[in-house]
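Chain letters run A, B, ... following the sequence lines, proteins first and then strands; every chain starts at 1. What you see is a predicted model, and the numbers here were worked out from it, not measured in a lab.
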Protein chains: 2
Amino acid sequence: MDDSKIRNMEQFASVSGISRPTVSKYFNDPGSVRPKTRARIEEALERYDYRPNMFAVNQNRRLTKNVGIVVPYLADPFFAEIARNIEQRCMQAGFWPTLFSAHGDSTLEVEILDSLRSLKPAGVLLAPLGRASDRAAIEKFCDDVPTILFDSNIEGVGDAFIGSDNTQIVRLSVDYLCRTGDAPCFFEMPPVNPNANKRRNGYIQAMEANGLEPQVIRVEGTGWGFEEVGYHGGLDILSKGLLTSDTVLCSNDRLAMGFLAACYERGLRVGHAKGCDLRVAGHDDHPFSRFGSPTLTTIAQDYEKISESSVEALFALIEGGRSDGPRIDRLFKGKLVMRASA
Amino acid sequence: MDDSKIRNMEQFASVSGISRPTVSKYFNDPGSVRPKTRARIEEALERYDYRPNMFAVNQNRRLTKNVGIVVPYLADPFFAEIARNIEQRCMQAGFWPTLFSAHGDSTLEVEILDSLRSLKPAGVLLAPLGRASDRAAIEKFCDDVPTILFDSNIEGVGDAFIGSDNTQIVRLSVDYLCRTGDAPCFFEMPPVNPNANKRRNGYIQAMEANGLEPQVIRVEGTGWGFEEVGYHGGLDILSKGLLTSDTVLCSNDRLAMGFLAACYERGLRVGHAKGCDLRVAGHDDHPFSRFGSPTLTTIAQDYEKISESSVEALFALIEGGRSDGPRIDRLFKGKLVMRASA
DNA sequence: CATTTTAGTTTACGCGCGTAAAGTTTTGAT
DNA sequence: ATCAAAACTTTACGCGCGTAAACTAAAATG
């Protein structure tokens with residue numbers, strides 16, 4: 001590789017023997033130039049390492065190749081994983097993804113969107129905080145920037161929503177638990193987002209469909225430290241004897257993992273096997289659920305499909321422009337993952 | 001707020017009654033203009049919402065206000081937390097942080113650095129993959145961009161290293177375990193980074209200092225899925241009866257959490273209390289360690305200080321330029337966190 | 001082969017802002 | 001009030017690239 005440094009596209013064009021406008025065209029879409037031309041450019045690209053200046057490139061373009069990814073809480077490996085998945089898909093499609101986390105803070109969420117504006121993104125994939133979100137601010141942002149919501153819905157905001165069918169997911173867990181033992185009571189997480197309520201309601205529906213009486217246990221706790229809530233709330237529940245069943249269905253796996261720690265501390269043996277005191281199940285198939293003590297029975301969210309579908313929806317939106325059709329909602333079904341805890 | 005939209009600094013300058021070069025100066029450093037002028041600009045800023053175009057701003061500046069943060073594996077909440085901490089500090093200092101994760105892949109790590117180059121960052125905070133890292137590529141990057149390494153060191157690369165004193169950390173855990181029960185054997189993680197080796201060597205040193213014979217247990221496994229390694233490796237160790245002590249010190253908490261799951265599955269009772277079969281301890285005070293079954297005794301890394309010190313070192317580097325002095329290494333001590341497991 | 005189509009070249013302008021130079025006003029110390 | 005220093009205004013240029021227009025060369029069509 002020749003080390004004489006190329007300062008700009010002008011120079012690179014001259015060493016590659018192609019005019020600058022054509023080189024510019026190549027970088028915008030390599031397929032838009034003749035194969036022979038493309039070959040010459042790429043040959044030069046091998047010899048000299050030149051990259052167009054990001055800032056100059058984006059200055060004149062009304063629409064950049066930037067894509068914003070915003071998640072509510074990055075310290076949750078679930079979001080880290082889904083972000084990774086989305087990032088890769090975006091890069092493969094030639095976009096430049098940038099990852100942001102609201103860290104559970106709605107003020108920060110709005111700040112992120114404001115910052116994102118100045119990135120002039122072609123589109124944004126947003127998993128909103130949920131109830132805590134500043135609806136008006138997000139709505140305004142979505143007016144200006146093509147935005148796909150995922151994971152957590154805000155009714156009527158954004159160009160589409162991709163997520164899980166929480167009703168089906170909870171239905172599945174309830175049915176499984178009912179078939180394999182006592183009907184579950186429901187250990188509810190703090191309702192930070194609409195999914196929390198969907199799951200509680202889904203539980204109630206599913207129980208009633210089975211002719212059983214729903215039993216919802218709600219504990220104190222706010223924010224995104226679900227393990228903390230599951231642990232301390234769990235200790236509280238156990239010490240006060242509030243459990244109405246020996247089968248506990250938790251709204252999500254992080255809550256369940258905290259609850260498992262509480263059970264262990266209280267000397268309760270959790271599992272579906274004979275001689276166990278309690279069965280515990282969760283939802284999401286969180287990355288750490290398979291390493292619970294015991295390993296956690298749960299319903300897996302199809303986050304491969306959620307990320308795939310989200311990115312697809314965004315690209316369709318970017319290419320096709322905003323349609324006046326109805327807002328698209330796509331919900332994916334969950335799958336039962338049987339492990340030791342229930 | 002007046003909604004007539006301001007398109008550029010020219011227009012904003014005219015509505016604020018200040019000339020454009022002065023407004024430009026203000027945005028680069030609000031303190032550099034006369035208080036009266038500043039007040040007029042900020043008054044206009046309240047009425048009209050204008051932000052300088054990021055791309056235009058950065059195009060002419062040799063040095064931007066961008067800061068890159070690169071972590072090896074974002075699905076590890078430890079890195080998510082430290083990234084959050086660093087992000088906030090950077091933003092407070094008026095920088096624009098961008099977060100990247102190598103997702104355990106050295107190819108991606110190099111790609112990230114290449115992308116970062118085109119962001120013309122004022123500086124970069126890099127937690128390298130470690131052994132898997134492409135040393136030459138990182139070295140070359142550090143020649144061009146002021147870079148602080150943190151968490152995991154690469155000898156002689158970058159302008160400084162900020163991390164934990166792994167020797168002290170392991171010494172602390174070994175001493176504690178020896179004083180409270182049988183001397184520990186050491187369950188080693190796959191050596192993905194130099195910290196792994198530092199910890200093993202630290203263990204051996206600490207044991208010998210106590211006049212005891214070190215016992216290192218090494219299992220198969222690669223990559224960053226430490227829980228997986230701890231779990232499967234743990235099952236293997238237990239089934240083959242390879243443990244040389246009833247006290248197991250794990251190189252880190254994630255490995256330990258996996259091992260706890262294995263112990264649970266084998267029906268072993270872990271803890272420091274009477275009647276327990278095994279004591280288990282880890283290192284790092286990982287966010288999830290307090291929710292283990294049992295809660296995990298560990299040595300906490302001082303990641304508040306690590307992030308604070310990393311950012312400080314970077315800012316000093318950015319402002320002061322690179323000195324010819326020796327590379328700065330700062331190591332912080334760990335603190336014992338006594339929980340139920342040992 | 002002549003003709004149309006496609007792709008590339010040349011030339012030129014503009015994006016929004018940093019920044020330098022020269023001139024003007026304000027400030028604050030004497 | 002006097003005057004130098006500090007701050008501001010005006011003017012002007014350049015950053016690196018997108019992109020449009022007018023022209024020319026190459027490829028595809030018949």
Q. Can you check the A:N8 CG to D:dG18 P distance for me, whole Å?
A. 12 Å
Q. In whole angstroms, how far is the P atom of D:dC8 from the CZ atom of B:R38?
A. 12 Å
Q | Exercise: do B:E109 and B:S133 side chains pair donor with acceptor under 3.5 Å | A | yes
Q.
One thing to verify: whether A:R117 and A:D114 come together as a salt bridge, which I'm taking to mean a side-chain N less than 4.0 angstrom from a carboxylate O.
A. yes
Q: Using atom CD of B:E10 as one end and atom P of C:dC15 as the other, report the distance to the nearest whole Å.
A: 11 Å
Q.
Does a side-chain N or O of B:S24 approach OP1 or OP2 of C:dC17 to a distance below 4.0 Å, or not?
A. no
Q) Which sits closer to the 5' end of DNA chain D, A:R61 or B:V23, going by the nucleotide each is nearest to? A) B:V23
Q: Quick one: label B:Y50 by what it contacts on the DNA or RNA (base, sugar-phosphate, nothing), any heavy atom closer than 4.0 Å.
A: sugar-phosphate
Q. When you check the phosphate oxygens OP1 and OP2 of C:dA7, does a side-chain N or O of A:T37 lie under 4.0 Å from one of them?
A. no
Q: Please report, rounded to the nearest Å, how far the C1' atom of D:dA25 is from the CD1 atom of A:I18.
A: 13 Å
Q: Taking the six-membered ring for Trp and the single ring otherwise, decide whether the centroids of A:F332 and A:Y303 are under 6.0 Å apart.
A: no
Q. Is B:P21 touching bases, backbone alone, or none of the nucleic acid, heavy atoms closer than 4.0 Å?
A. base
**Q.** Nucleotide of C:dT9, C:dC17, D:dC17 approaching A:S19 most closely (side-chain heavy atoms)
**A.** C:dT9
Q) For the side chain of B:N60, counting heavy atoms from C-beta on, which of C:dT9, D:dG14, D:dG18 is nearest? A) D:dG14
**Q.** Closest to side chain of A:V57, choosing from D:dG18, D:dG16, C:dC17
**A.** D:dG18
Q: Could you please name the option among C:dG18, D:dG18, C:dG8 that lies closest to any side-chain atom of A:K25?
A: C:dG8
(Q) Counting only side-chain nitrogens and oxygens, does B:K36 get under 4.0 Å of the OP1 or OP2 atom of C:dT27? (A) yes
Q. Taking CD1 from A:I41 and P from C:dG8, how many angstroms apart are they, rounded to a whole number?
A. 8 Å
Q: Using whole Å, report how far CE of B:M9 lies from P of C:dT19.
A: 11 Å
**Q.** B:N8 versus B:R20, side-chain donor and acceptor atoms under 3.5 Å
**A.** no
Q | Interatomic distance where OH belongs to B:Y26 and P belongs to C:dC17 [whole Å] | A | 15 Å
Q. For A:N53 and D:dG14, what is the distance between atoms CG and C1' respectively, to the nearest whole Å?
A. 14 Å
Q) Considering only heavy atoms and no angle criterion, is a donor-acceptor pair shorter than 3.5 Å present between the side chain of B:R20 and the base of C:dG18? A) yes
Q) In terms of side-chain geometry, is the basic nitrogen of B:E43 or B:R38 positioned less than 4.0 Å from the acidic oxygen of its partner? A) no
Q | Minimum-distance nucleotide (side-chain atoms of A:R34 versus C:dG8, D:dG18, D:dG16) | A | C:dG8
